[in-house]
Amino acid sequence: MTSDSPARRVRTRVAPSPTGDPHVGTAYVALVNYCFARKHGGDFMLRIEDTDQARSTPESERSILAALRWTGLSWDEGPDVGGPHGPYRQSERSAIYARYSDELLENGHAFRCFCTPERLDAMRAAQRAAKVPQKYDGHCLTVPPEESARRAASGESFVVRMKVPSDGTIVVNDVSRGAIEFSFADVDMQVLMKSDGLPTYHLANVVDDHLMEITHVIRGEEWVSSAPKHLLLYQYFGWEPPALMHLPLLRNPDKSKLSKRKNPTGILFYERMGYLPEALLNFLGLLLAPAQEGHEIFSVAELTQRLDLAKISHGGPVFDVAKLDWLNGQYLRTIPAEDLIARTQRWGFDRDRIRRIAELAQSRVERLSDLIPTVAYLFAGRLPVTKASFAATKLDDEAIRKALALAMWGLDAERAFDVATIERVLKGVGEALGLKFRDLSRVYYVAMAGSTTALPLFDSMELLGRDLCRERFRLALDALGGVSAKEQKEWSP
RNA sequence: GGCGCCAUAGUCUAUCGGUUAGGACGCCGCCCUUUCAAGGCGGAGAGACGGGUUCAACUCCCGUUGGCGCUACCA
């Protein structure tokens, strides 16, 4: 099967894990999958991979759906729209995975592993010390099937691991990278079912892609090294594997993997900053399809025409905000003025938001002409804060930086971003630093509003939203010289 | 450390053995202009390094270096 003449109806998917804020990388992967499916008259679906009970949250899932919807990309099947291959949320498919895991166990392609985390840790430590590759040593491979079944039945905790041939090689045929060969000796006996009875990514992914009739798996490069395991699973089940394609990972300007510590990575950040979804998608599209000379501006429909998986370049592209800015400007300048007004209204002037801001501002203005300057920071992106801006806080440099860092990290660890949460976290920082919140708050006013005079802090922050607040924290910290690695270690909770 | 992926200007990229190495962002300059933008025009700026193969290498091969990813009962 080639990417140009698929034998079956093309079906692609994007499968985010709801463990954090919607990431631009998800939009990037969704975009290719969407365009590829459209190009071939196929289906594009959304699946939620929430098998990590500890980290998955419904808030994150809602936020990811909202962010993806904002981009304008639409899916034919998914947890919100349904479809014939549901459920589309992995946490609702446990019975299915258990069945396939049992099948593997029965056929001898997998085995129960009763090793404790402690033994596994010790094993890895020893391997590290001996400078040998870290992988499961096969300790439970020798447990006889009857004993294995008995121990499981008696309630002993176990995981299911896949068996891997002891020698030989396996070739991963990547649509654009070509053949990539791996020795089985380098493939670990991956855990397929966790002790909580839920599958790991590897099992769930393979089972779902097969059941959902996915023909092309287009995903991030971080999956290349586990592709052999996936292929092996298809083989064990006797299923035809889908075509595989690994996209390069988006990078920070320093070439490291795009991360929120160094850059805004949230789709919603770009929304809050006032980028148009068309511009964001156009920008991401530029990383997927070579621009024709002098023709950098194109729609998703045009990208769909031009997309050629084999031609996507393999180097990890830096997410160049300057170029996104230019593109967004192009879009903003060419849409009709009526449209500009409507979009601006939708972006930051919906009735409820305006009303709330007006109520907060009312007691703080004496003339109507005071209003706009008073609330301007709520409609701005990045603020021009400098070291001098913090003079009014009357705190020393280190205290300010620590206050900012602790607040940023504390807020990052929270699921919610509302007045109550923000208040709790920031006041907690005050206690940790032994400062009266009244004094400490000035630091946050400057960072969030650019001045110690503003509408109430917690409301302002909620109104600004998590992404914009994080960016302002980051910028304020930068203005003061940042946080050294040593400080980061000392200050971390 | 092991395995894998990658390597053209600061950034995104074109080139699929023979080009003055093309375009876009950014940067600089000029023009337009009541300012600032926008717009127009122009400019500086690139094949990581070392070996091969070939009449010819950015392009193919090998090595080095560098970047990145994986190396979890996370995805």
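Computed from heavy atoms alone, side chains included, the values below leave out hydrogens, waters and symmetry copies. Per chain, numbering begins at 1; letters A, B, ... match sequence-line order. This is a predicted model, so every value here is computed, not measured.
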Salt-bridge contact A:Glu296-A:Lys323 (side-chain N to carboxylate O under 4.0 Å): yes
Nearest-Å distance once atom P is located in both B:C62 and B:A24: 36 Å
Given RNA chain B, 5'-ward residue of the pair A:Gln134 and A:Leu324, judged by closest heavy atom: A:Leu324
Separation of atom CG in A:Leu250 from atom C1' in B:G69, rounded to whole Å: 14 Å
Residues A:Arg219 and A:Asp209 bridged, charged N to O under 4.0 Å: no
Cation-pi geometry met for A:Arg151 and A:Phe114 (6.0 Å, 45°): yes
Ion pair check, A:Arg11 and A:Glu77, cut-off under 4.0 Å: yes
Comparing A:Arg251 and A:Ala179 on RNA chain B - which has the more 5′ nearest nucleotide: A:Ala179
B:A14 versus B:G29 - spacing of their C1' atoms, nearest Å: 27 Å
Distance-only donor-acceptor test (3.5 Å): side chain A:Glu293, base B:G22: yes
For atom CZ of A:Arg306 and atom C1' of B:U13, their distance in whole Å: 12 Å
Among B:C73, B:C6, B:G39, the nucleotide that comes nearest once only the side chain of A:Val191 is considered: B:C73
Distance, C1' atom - from B:U20 to B:G45, rounded to whole angstrom: 16 Å
Touch class at under 4.0 angstrom, heavy-atom based, for A:Phe283 against every strand present: nothing
Separation between the C1' atoms of B:G10 and B:G26, rounded to whole Å: 8 Å
Touch class at under 4.0 angstrom, heavy-atom based, for A:Ala322 against every strand present: sugar-phosphate
Cation-pi geometry met for A:Arg38 and A:Phe44 (6.0 Å, 45°): no
Plane angle bin for A:Tyr234 and A:Trp239 - parallel if under 30°, tilted between 30 and 60°, otherwise perpendicular: perpendicular
N-O pairing of A:Arg69 and A:Asp80 below 4.0 Å: yes
Proximity to the side chain of A:Lys194 - top-ranked nucleotide from B:A72, B:C5, B:C74: B:C74
Touch class at under 4.0 angstrom, heavy-atom based, for A:Arg128 against every strand present: nothing
Pair partner, B:G17 [Watson-Crick or wobble, under 3.5 Å]: none
Atom NE2 of A:His314: over 12 foreign heavy atoms under 6.0 Å: yes
Pairwise C1' distance for B:A9 and B:G43, with rounding to whole Å: 14 Å
base_contact_polar (B:C74 base, A:Arg55 side chain, donor-acceptor, <3.5 Å): yes
Sugar-phosphate only, base, or nothing, as touched by A:Ser183 at under 4.0 Å among non-hydrogen atoms: nothing
Which nucleotide in B:C73, B:G4, B:G69 has an atom nearest any side-chain atom of A:Arg161: B:C73
Whole-Å C1' distance, B:C70 and B:A75: 12 Å
Separation of atom NE2 in A:His314 from atom P in B:G4, rounded to whole Å: 17 Å
A:Asp188 CG - B:C73 C1' separation (whole Å): 12 Å
Complementary nucleotide for B:G10 - Watson-Crick or wobble, under 3.5 Å: B:C25
Whole angstrom value for the distance that separates P of B:A24 from CG of A:Leu327: 13 Å
Pair A:Arg119 + A:Asp137, salt bridge at N-O below 4.0 Å: yes
Strand-adjacent residues in residues 45-52 of chain A, judged by heavy atoms under 4.0 Å from RNA chain B: A:Glu49, A:Thr51, A:Asp52
Any A:Lys135 side-chain N or O less than 4.0 Å from OP1/OP2 of B:C3: no
Carboxylate-amine/guanidinium proximity below 4.0 Å for A:Asp102 and A:Arg99: no
Interatomic distance where CZ belongs to A:Phe182 and C1' belongs to B:G2 [whole Å]: 13 Å
SB check A:Glu49 A:Arg93 (cutoff 4.0 Å): no
Nearest to side-chain heavy atoms of A:Glu222, which nucleotide of B:G2, B:C74, B:G69: B:G69
A:Tyr88 six-ring centre to A:Arg47 NZ/CZ under 6.0 Å and within 45° of normal: no
Between B:C30 and B:G47 - C1' atom distance, rounded Å: 31 Å
Any A:Gln330 side-chain N or O less than 4.0 Å from OP1/OP2 of B:G39: yes
Atom-pair distance (CE on A:Met193; C1' on B:C74), nearest Å: 16 Å
Output one line per pair: protein atom, nucleotide atom from nucleotides 8-12 of chain B, and distance, for all N/O pairs under 3.5 Å.
{"from": "B:C12", "atom 1": "OP1", "to": "A:Val318", "atom 2": "N", "distance (Å)": "3.1"}

Any A:Lys257 side-chain nitrogen or oxygen under 4.0 Å from OP1 or OP2 of B:C70: yes
Inter-nucleotide C1' distance (B:C12, B:A46), Å rounded: 13 Å
Identity of whatever pairs with B:G50 - Watson-Crick or G-U, under 3.5 angstrom: B:C62
Sugar-phosphate, base or nothing in reach of A:Thr19, heavy atoms under 4.0 Å: nothing
Pair partner, B:G69 [Watson-Crick or wobble, under 3.5 Å]: B:C3
Partner nucleotide of B:G39 by Watson-Crick or wobble geometry (both distances under 3.5 Å): B:C31
Nucleotide nearest A:Glu221 (side chain, heavy atoms from C-beta), chosen from B:C5, B:G26, B:C73: B:C5
Sidechain N-carboxylate O distance under 4.0 Å for A:Glu302, A:Arg306: yes
Whole angstrom value for the distance that separates P of B:A75 from CG of A:Asp21: 19 Å
